[in-house]
Amino acid sequence: MDEITSRYDPTGIEDKIYEFWLKEKLFTPDVNSKKPSYTITIPPPNVTGRLTLGHILNNTIQDVIIRYKKMNGYETLWLPGMDHAGIATQVKVEEDRLLPRGIKKHDLGREKFLEEVWKWKEEYANVIRAQLKKMGCALDWTREQFTLSEEYSKKVIRVFVELYHKGLIYRGERIINWCPRCLTALSDEQVETRETSGKLYYIKYPIKNSKDFITVATTRPETMLGDTAICVNPKDKRFQSIIGKTAILPIMNREIPIIADEYVDLEFGTGALKVTPAHDPFDFELSKKYNLTIINIMNPDGTMNENADPYRGQERFETRKKIIEHLKSLDLVEKIDNYTVPIGICERCETPIEPRLSKQWFVKMKPLAGPALEVVRDGRIKIYPKRWVNLYNHWLENVRDWCISRQLWWGHRIPIYYCKNCYHENDNETSKGIIVSETKPEQCPQCGSREISQDEDVLDTWFSSWLWPFATLGWPEQTQDFKRFYPTQTLATGWDIIYLWVARMIMAGLEFTKNIPFSNVVFHPMIRDEKGRKMSKSLGNSPEPMDLIAKYGADALRFGLMLITPREQDVLYSEKSIDVGRKFCNKLWNASRLIMTTFSDSPETLPTELTDFDLWLANEFNQLLKDLEYYLERFELNALARRLYDFVWHRFCDWYLEIIKIPPYNKQNASKYFLRQLLKLLHPFIPFITEEIYQKFSDDRKKSILLEEYAKPIKIKKSVNIVNETITLIEEIRNIRGLFSIPAQEMLNIIISTDEERQKFINKNNLLFQRLAKVSSIMFDSKPQTSVATIVLPQYVVYVILRGIDVEKEKKRLKSEIEFLTQRIDELKNRLNNPRYLNQAHIEIQQKEAKRLEESLIKIEYIKKAIANL
RNA sequence: GGGCGAAUAGCUCAGAUGGUGAGAGCGUCUGCCUUACAAGCAGAAGGUCACCCGUUCAAAUCGGGUUUCGCCCACCA
């Protein structure tokens, strides 16, 4: 045992143990076992880069759950994999790989570019694998999946085709969210809104053949170049005379009609709305309703195009400034107010999105939403914590169609083919010349032409991720894995992707497998820094998890995080908490060291003869098991971790281990048994150190702690009340020592008055008092001759003999105790005389309180006597 | 404009169906190098459980309202 140092150093141990687990194939389930299965599919990390602290949290939660389930008799599968993350990866490769070399994506061409991305993918997939292994994740690497693998892609395409034939996928020309930097369409869910301080510009539009103006208010004056109407509310008295007239669009000098529609808010701005159909969703609706001209004034990259001629080629926000200057010079700016403008930004690159009119592919979501709402409503899928159900329901009840086409190269190419003969871009009939097919058709089924081209766009990343729980398990084939492991049990993820991913997975599972994809959804919080700010690269408050592991060890990182992760609020991360995790590991390490050196002869199985203190710990242990089960069922891992921390430190180490160092318990105790049980309970949180300690046990053990049977409650036939009382006695004596500033070395003499049984127990455990409370002599039932401090407990009166006690201080202490007791007695008496209380309160509570009253009455008498004797 | 959540010790948070003198970690103070651990041990101080009203024999806990903070959703430009 001498190679075990007093400081736990995870260096080297963790890697070695992970290798061992892999070698023993502990993470690969036996598909033929008779055990019930328990499956988690990992939320696939993006191959964009390295794992963040958020991933550490997410994966620790899953690892804890899967390890507990394995030890509780389930055939577990935790399936790893990664997401190709279309936009993010493509943009990263462009910027990190091509830009430094001065290469542009289009110079390279689609195929060559994709080769580059695949290279990147391989590189980062390796990084991510290594990081998950460093963390200790019990992932079955033999089943790793990738959303853009050849096999997975087939499933994605199949789903597209199926939905198309069901009439749930269509192409439409609409205003969509466009990122001028990523140069692609985005779904509504990929756009974040941010309140920014902006301006509300009031611009005067001259009315034709008149000297009058109509003033409109806008936050985006640059779009005026594309205005094709002005709209007022038909009820608006101010504008009755000019409805139907024509205004002159300044700068462009275009004649535009003044129309009326109920939509326009009389209260806002001037009550007149400029209509820019190509750059605002509602204006677009208006244009359809009133057959207005649609003029697109912007290029995809956010610069002005030929339709905005004076400003052609200029950036949109620059244009805004210039247009205002221009209008000012024409004296057409009435005023400019400060105004808070909510703007949409690209969730990836934070560029303000541009509403852009274009043809995109959409999924009709309404038909899919109903069943998804139902399975949560009827409890087939449970969401933890419950409050997220509201958000889930709200989104599904108001779900809008999903724009799934992306103007990218990295992704699943849309399986739509156009016949050169039959298809015409501007046809209103949408299906003419369009062929949807899982494989490229040889010829057009309508005209037989062989000139067929595939849609250039790819699918939204989430269009592949939403199939994750079943596509990864073999679907659509009825594979052994699919039959055995689907539906899965639990999904753990952050609440931020409740719409993007979770709700859609539920919809997809129900639509394609006719089954729920998982039974439990565990939402965990987001990680923020100490000040509550989001982790971000620009703030530099996002620590590199691998550095933390190198510094503290993976166990410390995992446990520290679990200790500070609240159920319902964001995690406020600080490195200190990881240090707490490390200290805990060190504590466990040293406790094990004590047991394995000092008590090496004690049995690892539960001894048939348990000492009083073994029984005491057994009792505490049983309560611990109950609590752990309660928390685990509810996925309250934070409470679970805290409970374990508290038990190990403050019950096991502080009391039990201290006691068993003292004869006669040092000869015979159950410490090895308890340690073994505790290691098992701790293992899911801190897998490495628990395995390491476990391996150092005698040969009477399984290959790995992960194969151990879960801890069971211990049968206790005898009451442990006296032990509990003894601990309280010791605490009270220590407390007196502190109150009267008695030096730590000074041994105390005490007098105890109690019944015979308790006297016997105290005599038997005399040494405990000596060692833990520094009491040298205990006398029974004699009258104190000198000054004493008095402790009154339900079954005991203890006099601590003190030389030169501060009598006044003791009097004051006892008097305040009397005050407290008097108050309590009054309260309890009142209650016990209240008929309603007697009628309604639980009988156990009444008994408990009656006992408390009785004890308080006795106690107060003794304290009064003690004061009299002072 | 709707909806959700939070408010408990100096800080970060636990407190299960209402019932123990409201707890932990960190920080602060006091005393200890007690042969597992000074990354430790033994103590202490510090709380009208945001505020008001109500329900109840009994409220940190349940209901209503107020205030402050955070988040989500929403086509008033």
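Just so it is clear: chains get the letters A, B, ... in the order the sequence lines come, proteins before strands, and each one is counted from 1.
With C1' as the reference atom, B/C49 and B/A7 are 10 Å apart, rounded to whole Å. Separating the C1' atom of B/A60 from that of B/U8 is a span of 7 Å, rounded to the nearest Å. On the C1' atoms, B/C75 is 15 Å away from B/G2, given to the nearest whole Å. Only the P atoms considered, B/A14 is 16 Å distant from B/A24, to the nearest whole Å. With C1' as the reference atom, B/C11 and B/G46 are 13 Å apart, rounded to whole Å. Separation of the C1' atoms belonging to B/A44 and B/U48 is 23 Å when rounded to the nearest angstrom. Taking atom C1' on both B/C26 and B/G65, the two are 36 Å apart, rounded to the nearest angstrom. Here, B/A77 and B/G18 have their P atoms 46 Å apart, quoted to the whole Å.
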Go through A/H279 and A/R356 one step at a time and tell me if the side-chain contact (heavy atoms from CB on, under 4.5 Å) criterion holds.
CA-CA 6 Å; A/H279 298 278; A/R356 183 179 169 82; 6.0 Å; no
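When the nucleotides B/C57, B/G5, B/G40 are ranked by their closest atom to the side chain of A/W649, B/G40 comes out on top. Of the candidate nucleotides B/G5, B/G25, B/C75, B/G25 has the atom lying nearest to any side-chain atom of A/Y645. Between B/C4, B/C37, B/C57, one nucleotide has an atom nearer to the side chain of A/Q840 than all others, and that is B/C57. Of the listed nucleotides (B/A74, B/C72, B/A36), B/A36 has the atom at the smallest distance from the side chain of A/E658. Listed nucleotides B/C37, B/A77, B/C57 differ in distance to A/N834; the shortest reach to its side chain belongs to B/C57. The side chain of A/P566 lies closest to B/C13, out of B/C41, B/C13, B/C72. For A/K583, taking side-chain heavy atoms from C-beta onward, the closest of the listed nucleotides B/G19, B/G40, B/A77 is B/G40. Relative to the side chain of A/H394, the nucleotides B/G19, B/C73, B/A36 differ in distance, and B/C73 lies closest. Checked against B/C26, B/G19, B/A16, the side chain of A/Y630 finds its nearest nucleotide in B/A16. If you check B/U12, B/C4, B/G40 against the side chain of A/N390, the one that comes closest is B/C4.
Regarding contacts with the backbone of B/A44, a side-chain N or O of A/N735 is found under 4.0 angstrom from either OP1 or OP2. Listed pair A/R593 / B/A36 fails the phosphate criterion, with no side-chain N or O lying under 4.0 Å from OP1 or OP2. Taking 4.0 angstrom as the limit, A/K587 places a side-chain polar atom (N or O) nearer than this to OP1 or OP2 of B/C41. Close to B/A14, at under 4.0 Å from its OP1 or OP2, lies no side-chain N or O of A/R642. OP1 or OP2 of B/A77 sits under 4.0 Å from a side-chain N or O of A/Y339. Residue A/R400 places at least one side-chain N or O under 4.0 Å from the OP1 or OP2 atom of B/A74.
Side chains of A/D188 and A/Y499 form no contact here, defined as non-hydrogen atoms less than 4.5 Å apart. The shortest side-chain heavy-atom distance between A/K774 and A/L748 does not fall under the 4.5 Å cut-off.
Ring geometry for A/F674 versus A/Y656: interplanar angle over 60°, hence perpendicular rather than tilted (30 to 60°). Ring geometry, A/Y339 versus A/F268: the interplanar angle exceeds 60°, so the pair is classed perpendicular (tilted spans 30 to 60°).
Using modelled atom types and a 3.5 Å distance limit, the side chains of A/S187 and A/Q190 yield a donor-acceptor pair.
Base pairing of B/G23: its partner is B/C13, meeting the Watson-Crick or G-U wobble criterion (both donor-acceptor distances under 3.5 Å). With a 3.5 Å ceiling on both atom-pair distances, the Watson-Crick or G-U wobble partner of B/G40 is B/C32. Figure legend. B/A7 is base-paired to B/U67; pairs are counted as Watson-Crick or G-U wobble with both atom distances under 3.5 Å. Pairing partner, B/C62: B/G54, with both Watson-Crick or wobble hydrogen-bond distances short of 3.5 Å.
Residue A/R387 is in sugar-phosphate contact alone, with no base atom involved, counting any heavy-atom pair closer than 4.0 Å across all strands shown. Within 4.0 Å of A/R7, counting heavy atoms only, lies at least one base atom of the nucleic acid.
Taking the ring centroids of A/F523 and A/Y384, they lie at or beyond the 6.0 Å cut-off.
Evaluation of atom-type donor-acceptor distances gives a pair under 3.5 Å for the side chain of A/K661 against the base of B/A36. For A/N590 and B/A39, a side-chain-to-base donor-acceptor distance below 3.5 Å is absent, hydrogens and geometry of angles not being considered.
Taking atom CD1 of A/I693 as the reference point, atom P of B/C37 lies 15 Å away to the nearest angstrom.
For the pair A/K809 and A/F740, the cation sits on the ring face: its NZ or CZ lies under 6.0 Å from the ring centre, inside 45° of the axis.
Taking the nucleotide of RNA chain B with the nearest heavy atom to each of A/C653 and A/N638, the more 5' of the two is matched to A/N638.
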